[in-house]
Structure formats: C-alpha cells, structure tokens
Amino acid sequence: MNYDHKKIEKKWQKIWEDQDLYKADDNSKKKKKYILDMFPYPSGAGLHVGHPEGYTATDIYSRYLRMNGFNVLHPMGWDAFGLPAENYAIKSGVHPAESTNKNINTFRRQIKSLGLSYDWSREVNTSAPDYYKWTQWFFLFLYKQGLAYKKKAKVNWCDSCQTVLANEQVVNGKCERCGNEVVQKDMEQWFFKITDYADKLLEGLEKIDWPEPIKLMQKNWIGKSEGASIKFKIVDFRFQIEVFTTRPDTLFGATYMVLAPEHELVAKLKDKITNWKEVEEYIKETKKKSDLQRTDLNKDKSGVKLKGVKAINPANNEEIPVFIADYVLASYGTGAIMAVPAHDERDWEFAKKFNLEIINVINPYPVSPAVTSIHSIKTPFNTTEEIDKKTKQIIDGKEVWEGVGILRNSNEFDGMDSEEAKKAITKKVGGKFKMQYKLRDWLVSRQRYWGAPIPIVYDPDGNPHPVEEKHLPLELPTDVDYQPRGTSPLDSSKKYKTLAEKLYGKGWYFEIDTMDTFVCSSWYYFRYSDPKNEKEFAGKKQLKKWMPVDLYVGGAEHAVLHLMYARFFTKALHDAGLIDFDEPFLKLRNQGMILAEDGRKMSKSLGNVINPDDVVENLGADSLRLYEMFMGPLEDTKPWSTQGIVGVRRFLEKIIKLQVTNNKPKDSSLLNKTIKKVTDDIENMKFNTAISAMMIFVNEAQKEGVSKDDFTKFLIIFAPFAPHLAEELFESLSHKESIFLQSWPKYDEKLIKDENINFAIQVNGKLRDSIEVLSDISEDETKEKALASDKIKKWTEGKEIIKVIFVKNKLINIVIK
RNA sequence: GCCGCGAUGGCGGAAUUGGUAGACGCGCAGGACUUAAAAUCCUGUUCCUUCGGGAGUGUGGGUUCGAUUCCCACUCGCGGCACCA
C-alpha cells in the first residue's frame, strides 16, 4: 500500500463527521472531562503553524481520554471581535462582519483539515448577536453587582487621526498609523472593579495546577505590598498629606515629601504656594507627556518645590519641604510619598539634584548567618571590612541602603531591628497598616465599532441606566461610518439613536462605546457547555455537568490579561451564587512559539512563513500533527525544520510497510514498554518522547516482523497522534468499528521487566566495563563478576579497594586508592 | 533595574528520586540496489588521540564514591514588569 494521505484523510474526516464521533454527550453517565484550547482570533492571514501545536496536544489528550472511558467536551470557536477587522473596513470599505465571517470560514476549513476531534455542534462566535447578547448580560450582571462603573480616565489619543488608540496601536509613544506623538486625553470610560478581587485572585492561585512562572506573573501583576498609611500635617493648613509606605521604619529619615502633579491637594494649596506660576507650568508640562515619557527610567528626575508649604514629619516634628514631581504616580497609593533619600534610590537621586538633606537611619547588619537566615535575606557582604566600608559610605550620605538593618538617628528606636521598627514607629505616629495593590480596575470601554455594544442607556439628563434584559441583544448597528472622527463610530448611526428613543422616549440615547474584546473571551468557556441556550448564558445543569475546565492549553501571551479576567468573571459569578466553583481552569499548560527555519519569528515581511495548508497538502495532516508534537517539549520555543518533518513522514511510511504476521509474539516486552511509555507520556503531555518510543517499536517491528495482535495494540496507542492513518490501517485489519471506539490497551507489569540487564562497572566513578547479568542480581554476585572482569582487573591491580557502591539494576562503583 | 525561564553533538532534542550523557529524529559519510539518479535498505557518526586512553552538558568554584541533575559566583539568550514608594 502506498501512502495516499490526501485520500485517507479526506475519507476519514467525512466518516467521523457522519458518525458524530466526537460529540460531547450531555446525558452520558460517564465521567466528564473538559479539554479546552484558547480560541483563535480569525485573522486575515489564516491559520499559523503555531495554532496546530496546542490544538494537536489537546486533541491527542481528548482522544486518549475518550478511549479511557471519559465523556469529553472538546470544543472550538472564534474570538471574532477586534480591531484588525475594523482597520480593514476603514481601508477597504468591507464591513467587519463580512471579512470576519470570511476569515472564520477559512479558519474552520483549515482546522478541520487537521483531523481534530472537536464537537463542532458547540462552535461559538463572539461577534454573533446570540453570543454577544450574553456578553452584554455579563456587563449588566457586573453593573448590578456594583462591579461596573464609569469615570473619567486617560486614553491614548492621536491628534492627527482624531481617534482614540488602543494600547497596541501605540508604538514607542507614537501612533501606529501616522507616526504622530500620542497624547493622553481625559474621557469618560467604563471600568470593571477587578481590584475588589485582588486578594481572591491571589489566593486562588494556590489551588490550581498552572505553570509556576504564570502564577508568578499574575502575582506580580496584582502586586500586593504590605505597608503603612501615615498622615503628615501641613503647617498652618487644615488638610493633611496621607502617604503609603512599605518602610515606616525609615520615617525619621523622611526629609521631604512629594505629591504627584495631579494630586488634588495641589489646587487646594494654591493660596499658600508662593511660586504658583512655576508650579502650574510644571503641571501643564506633565499633562503633555505620555505615560511612556513619564516613566522613562533613564530621564533625570524633575520637580518643583511648593514654596510656602511645609509639612511636619510626625516622628520628630521637623518641618520638611513639599514638592511636586512626576516620578510620583497619582494612580498608586495615595499619590503622595514621604521621601527618604538615604534609603530609596529614587528619592536619593531627587535629593542629590535638589540638594536636600539626606539622613541615614538604618545601618546594614553585620555579616552574620543568624541574621541573614532570620530575615531570609542575602547579605551582599563577605567580610567585616566590606561592611564597615559600606556602612561608612551610607552614613556619609554617599550611598543608598535599601536593605534591612539596625536603626540609628531615630531617637528611642535607635538600635532596634528594622522589621520590628516598622510596627513600633507606625504605632507611635498613629499610622495604619495597609495593603496596597498594583492591580488597577479594568478599563473595558472602547471607542470602536467592531465590538459588543455596552448595554447602557442615558436619560435626557445624561444619567446612565442599564438596558433591560428583554431588549438584549442590543445589536450593533450597520449604518455607521467607520472613519475615526474623535468619538465611537456608533455615534454616526441614525438607527441606533432612533431605537433608543423608540424604546425609552425622547432624548434618551445609548452608550456609543463598545466593549474590550477581552470581555467576550472572559466567559466563552461557559458558553460551550450550553451554546444554544436562549434563556441563560448557560443552563445550571449544563454548567454543573461540564465546568470547570479540566485542561486549558494556549500561548503564554495570555498569562496575565485573559486568564486574570476569566478568573475574575468566574469569581464574580461564584460570589453571586450562580456557580459553585470559583476557578475556571483547573490545569493550564502553555505551548511554546514555533519560529521560522531561520530562528526568527515567522512574518510576512521576512517571507519565512510556513503555511499549514501547504504542509497538509504535501505531507498530510498526520505528518504535520506528528511533527509538531515531535519537535520538542510542548512549552518550548522551537524552530521549524522542513527537513525534520520529512523524518516523521518516513516514520508513517515505515508503519504502512510493516510485515504483519499471524504468529504469536515471542516476547511482547517491547510492546508493553511502549504502551507504558506512551500512556505515561500522554498523561504528562510529553508527546515528543511518546513518539520516539513508538519509533523504537516500529524500528524493531521492521526488523523482526510484528504479530497482528501486537500491531493492533500499537495502532490503538498510535491513533491519537495520527488519527487518519491509524484508522485506515485499523480498517485494513478487517475491523468494522472506528479505532477511537476501542479501549486503551493495558500493559503487563511482568512483561516490562527485562530478564537481562546491562550492568555498568565503574572504577572511581568512571565507566570501565559493563556486563550482561540477570536482573535483581545480588550485590555480592555482581561484585564478584565485576572484579573478575579483565578490563576491571587492569584498573584494580595493585590498588587498595576502599569501598564498593552498589546500585540495584544499574551499576557498581569500585572505589580504589 | 527587578522578576521568571533557559544554555547538552553539525541541527531539533533524550536522560525516573544524583547512577552507563547524547535515546529518537534530521543532517552528514560509506556501502547495497540501479545503466544512472531519486526513493529504499544496511553500517558509522560528541571531540581529541601516539588507539593505551583522555576530555566533554555556557564559564569558574564547591558538595559527593559518583553531578546535565544539588549549592555558590558569573556570562550569554529569551520572556514579563518597569519611578508601584
């Protein structure tokens, strides 16, 4: 038989579809598993060879689970709203719905050509009204829970294009389209209150099986830090300055304060400030700067002293100056800081520039293992001389010390440990212990067309009201002009205006912003459990049946945003009593990136893109699947190799050519080992070594021949990897039923054990000989045999044997002198 | 700058709790088949070597009978965050 992959693959894809082989059964009594891929954005470029990597991995796993008796939900859909379709519309005039549907059709055809075992009856499309009806429902749900609100916020604005830009459209502080400098503009925006869930999002990480680096990235994103909030009085003024600090122990070293330029107190202090013109000018300058310019670490610290304003350090009642400076961010903490130049690098830089007092209040600890272990810190010092030198530099104000240590220059706290002093000093000045988070609320409104409309209606006075559920979906109007004109394109729809007045009365109007596409993708995994439900986003019974997701596979680029948002939605539903679990994805694995053959990223402009269609056409879907799994570990970044894929194609051809005999096998040891290895490797998602084990089996079978029995079992474990070919060969062995309805073979422990093993003999840890022996051989017998070896005698002759190390079934090491 | 991940032949990569480094595949070399080539099959393939052996998993140290694996200090590459007080 020659390998006509096109014929075989087409044939079986049709049969599988006709038999509905991969349908997830809502009524089955079998145990369920929910295996999910991150659904793709159907871009105009079509499927990338990176997509099939994760898809094949979950497909192998899903098929494996079904053959092990599980009822598997394995769905696919489209993350179909987004900016590229809208940009394309602006350029070409083609409606986003039209180009998106075209792209979806391409993606669906491409994905189907890979023989993936999706239940296509559950396909979802986030841009379809029957889907975004529920995206809108989720908005209203959060709104009613008090988790959605509106406030003024800065957005990226391009003056020349007259449009708001998404963060991705801002490249190095400039507009992606015209290259103009991007500025910040205040506009009313909708937010989701994800910050309410900061602690829950943090705690939840403990109980889910996710890659540690991903958990860490989420932790850092949430950015919880422990500290104190302390109030500073202002001389002759009724308001106080509240600061957040993680280092209240350094309070005696606070020699000045800094407010963010946007801080509300600045305006209130106007009458006291004697250099108001200068201050005003600085605030104006700051507003002009983009975030990128402001946060450029390389730039010099800048700021202006608020002349005429003095604050009082509550620790020692010293009067200290107050500044505004853009290195203090309005959005974090209280937007004001106490500056301790001796113990904070940024304050130190600022103090140097403005010639401010630097008072050292913490000395580093001397070198002592006891101290370093108590504080679990690494001391950067090796000798007493080093620490003395450093301490002198610090005391002289020549160097910053940000570590822990012993207090000085702090009155009654002198000599105290800095950790202890955090509590003591906070207490003394009446401060409050506080947690602070970097996590910000999620800005969800977009001044864009191609997204789910926000279901809010305004009365003639401009007060927002939720659109009633009975009016959902609030459909995206089609009579719009996509050309950017400074507001959302929905503003141009007459029908949208008419509809609002028809439903609510004269002067009423809908919100014209749409939702961030991340909102759509924050709940799609619920919808697969009950995709056609018109009454709920998913039925209670179906949710209970399928959720949560048992395995979720996708790119690491979603480590923070998508995965955090999805967890937030799930937790909000849980708290409202709508679901009984609070983490959506029990197990997460990331796939690595597939690079071009030259080791660079695949890109059109570099002309190094591999099109999956060509690979399927020339070598077949089975070869593509197998190759992508064989390239290396799933999570690794690895380059494509046109030569390499030839290897797996040869492997497939070799299987076809195997001589299948009817003889009973002499020894099925290798088959049993292969079954065990492949089973274990699938469980651990180590597909590359599973394939290599199957190659070893086939190489052996090629030399020795293989019995029909053994070959059948081999085909079954091989089937999840190369489903079309496995099914074809299975049929050729006169089976009438699909190979995927067979149960997974068990291996026999007894047959796995080798009778003879190759035993290594080392002398002083170096391999000198090896002997064939029966397994489970005793130490004494091994030793005897080892010492009898001519090769070993050469090494041990005239030497004293100090000891012999024996490792069962592995090696013996003779230590000589 | 901070956090994380990684570095093994010519290449992609293997190596249970520390136990025979280089599985499997690609490439390459030689051979068989062929008028010839392709395909296929067989053999070899870490480097050095005076053929005894020696060196070797980014670099330098350490622990151990024994280290790709554990510890310390670096170098380089990739990813994330980035004035978060």
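No experiment lies behind these values; they were computed from the predicted model shown. Convention: sequence-line order gives letters A, B, ...; per-chain numbering from 1.
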Mind checking the P distance from B/C11 to B/A23? Whole angstroms is fine.
15 Å
May I ask you to verify if any side-chain N or O of A/K638 is less than 4.0 angstrom from the OP1 or OP2 atom of B/G12?
no
Tell me which pairs pass ring-ring contact (aromatic ring centres under 6.0 Å, His included) where either residue lies in residues 672-692 of chain A, with sequence neighbours left out.
none
Quick check: closest heavy atoms across A/V328 and A/A260, and the distance to 0.1 Å?
O-CB, 3.4 Å
Close N/O contacts between protein and nucleotides 14-20 of chain B (under 3.5 Å):
residue, atom, partner, partner atom, Å
B/A14, OP1, A/N688, ND2, 2.9
B/U20, O4, A/N758, O, 2.5

What is the nucleic acid contact for A/S641, judged by heavy atoms within less than 4.0 Å: base, sugar-phosphate only, or nothing?
nothing
Separation of B/G13 atom P from A/D681 atom CG, nearest Å, is 17 Å
A/E226 CD to B/A85 P, in whole Å, measures 12 Å
Apply the syn/anti split at 90° from 0 to B/G77 and say which one it is.
anti
Test item: A/Q218 and A/L563 side chains (from C-beta on) under 4.5 Å apart, heavy atoms
yes
If you measure from the C1' atom in B/A7 to the same atom in B/U59, how many Å do you get, rounded?
11 Å
Please give the distance between the P atoms of B/C72 and B/C5 as a whole number of Å.
13 Å
Does A/K301 make a side-chain donor-acceptor contact with the base of B/C83, cut-off 3.5 Å?
yes
If the glycosidic angle is within 90 degrees of 0 it's syn, otherwise anti, so just tell me which one B/G56 is.
anti
Parallel, tilted or perpendicular, judged at 30° and 60°: which one describes the rings of A/F714 and A/F718?
parallel
May I have the distance from A/F687 (atom CZ) to B/G13 (atom P), rounded to whole angstrom?
17 Å
Which whole-number value in Å describes the distance from A/E635 CD to B/G13 C1'?
13 Å
If you measure from the C1' atom in B/G27 to the same atom in B/U75, how many Å do you get, rounded?
30 Å
Of all the choices, B/G27, B/A85, B/G25, which nucleotide is nearest to the side chain of A/T246 once you look at every atom?
B/A85
Considering only the C1' atoms, how many Å lie between B/G60 and B/A67, rounded to the nearest integer?
16 Å
Which residues pass the ring pair (Phe, Tyr, Trp, His ring centres under 6.0 Å) test with A/W640, sequence neighbours left out?
A/Y627
Requiring both pairing distances under 3.5 angstrom, list the stems that contain RNA chain B and are made of three or more consecutive Watson-Crick or G-U pairs.
B:1-7 with B:75-81, B:10-12 with B:24-26, B:27-32 with B:40-45, B:46-48 with B:53-55, B:58-62 with B:70-74
Considering only atom C1', compute the distance from B/G31 to B/C48 and round it to an integer number of Å.
27 Å
Pair A/D790 + A/K794, salt bridge at N-O below 4.0 Å
no
A/M593 CE to B/G12 C1', straight-line distance once rounded to whole Å
17 Å
Mind checking what makes side chain to side chain contact (heavy atoms under 4.5 Å, CB included) contact with A/K703, not counting sequence neighbours?
none
Reading RNA chain B from 5' onward, which residue's closest nucleotide shows up sooner: A/T334 or A/A693?
A/A693
Does A/N699 put a side-chain nitrogen or oxygen below 4.0 Å from OP1 or OP2 of B/G25?
yes
Under 4.0 Å protein heavy-atom contacts per nucleotide of nucleotides 37-58 of chain B, with B for base, S for backbone only and - for none
---SS-----------SSS---
The side chain of A/F244 is closest to which nucleotide in this list: B/C65, B/C26, B/A85?
B/A85
From CE of A/M631 across to P of B/C11 the rounded distance in Å is 16 Å
Strictly by salt bridge (Lys or Arg N to Asp or Glu O under 4.0 Å), give each pair with a member in residues 211-221 of chain A just once, sequence neighbours left out.
A/E212-A/K215
Applying ring pair (Phe, Tyr, Trp, His ring centres under 6.0 Å), name anything that partners A/Y565, two or more places apart in sequence or on another chain.
A/W442, A/F518
Below 3.5 Å, can you tabulate the donor-acceptor pairs from side chains in residues 220-228 of chain A to any protein atom, sequence neighbours excluded?
residue, atom, partner, partner atom, Å
A/N220, ND2, A/L216, O, 3.4
A/K224, NZ, A/D199, OD1, 2.7
A/S225, OG, A/Y332, OH, 3.2

By nearest nucleotide on RNA chain B, pick out whichever of A/G333 and A/K803 is the more 5' one.
A/K803
Those residues at least two apart in sequence (or on a different chain) that pass salt bridge (Lys or Arg N to Asp or Glu O under 4.0 Å) with A/R649 are A/E653
Please name all residues satisfying ring pair (Phe, Tyr, Trp, His ring centres under 6.0 Å) with A/H263, sequence neighbours left out, ordered by chain then number.
none
What's the gap between B/C42 and B/C24 when it is taken at their P atoms, as a whole Å value?
13 Å
Whole angstrom is fine here: how far is it from CG in A/D347 over to C1' in B/C83?
10 Å
Ring pair (Phe, Tyr, Trp, His ring centres under 6.0 Å) filter on A/F244, not counting sequence neighbours, yields none
Rounded distance (Å) that lies between atom C1' of B/C3 and atom CD of A/E212:
14 Å
So A/S331, base contact, sugar-phosphate only, or nothing? Heavy-atom distance under 4.0 Å.
nothing
Going by atom types only, do A/K654 and A/N699 share a side-chain donor-acceptor pair under 3.5 Å?
yes
Please report the distance separating the P of B/U68 from the corresponding atom of B/A15, rounded so that it comes out in whole Å.
15 Å
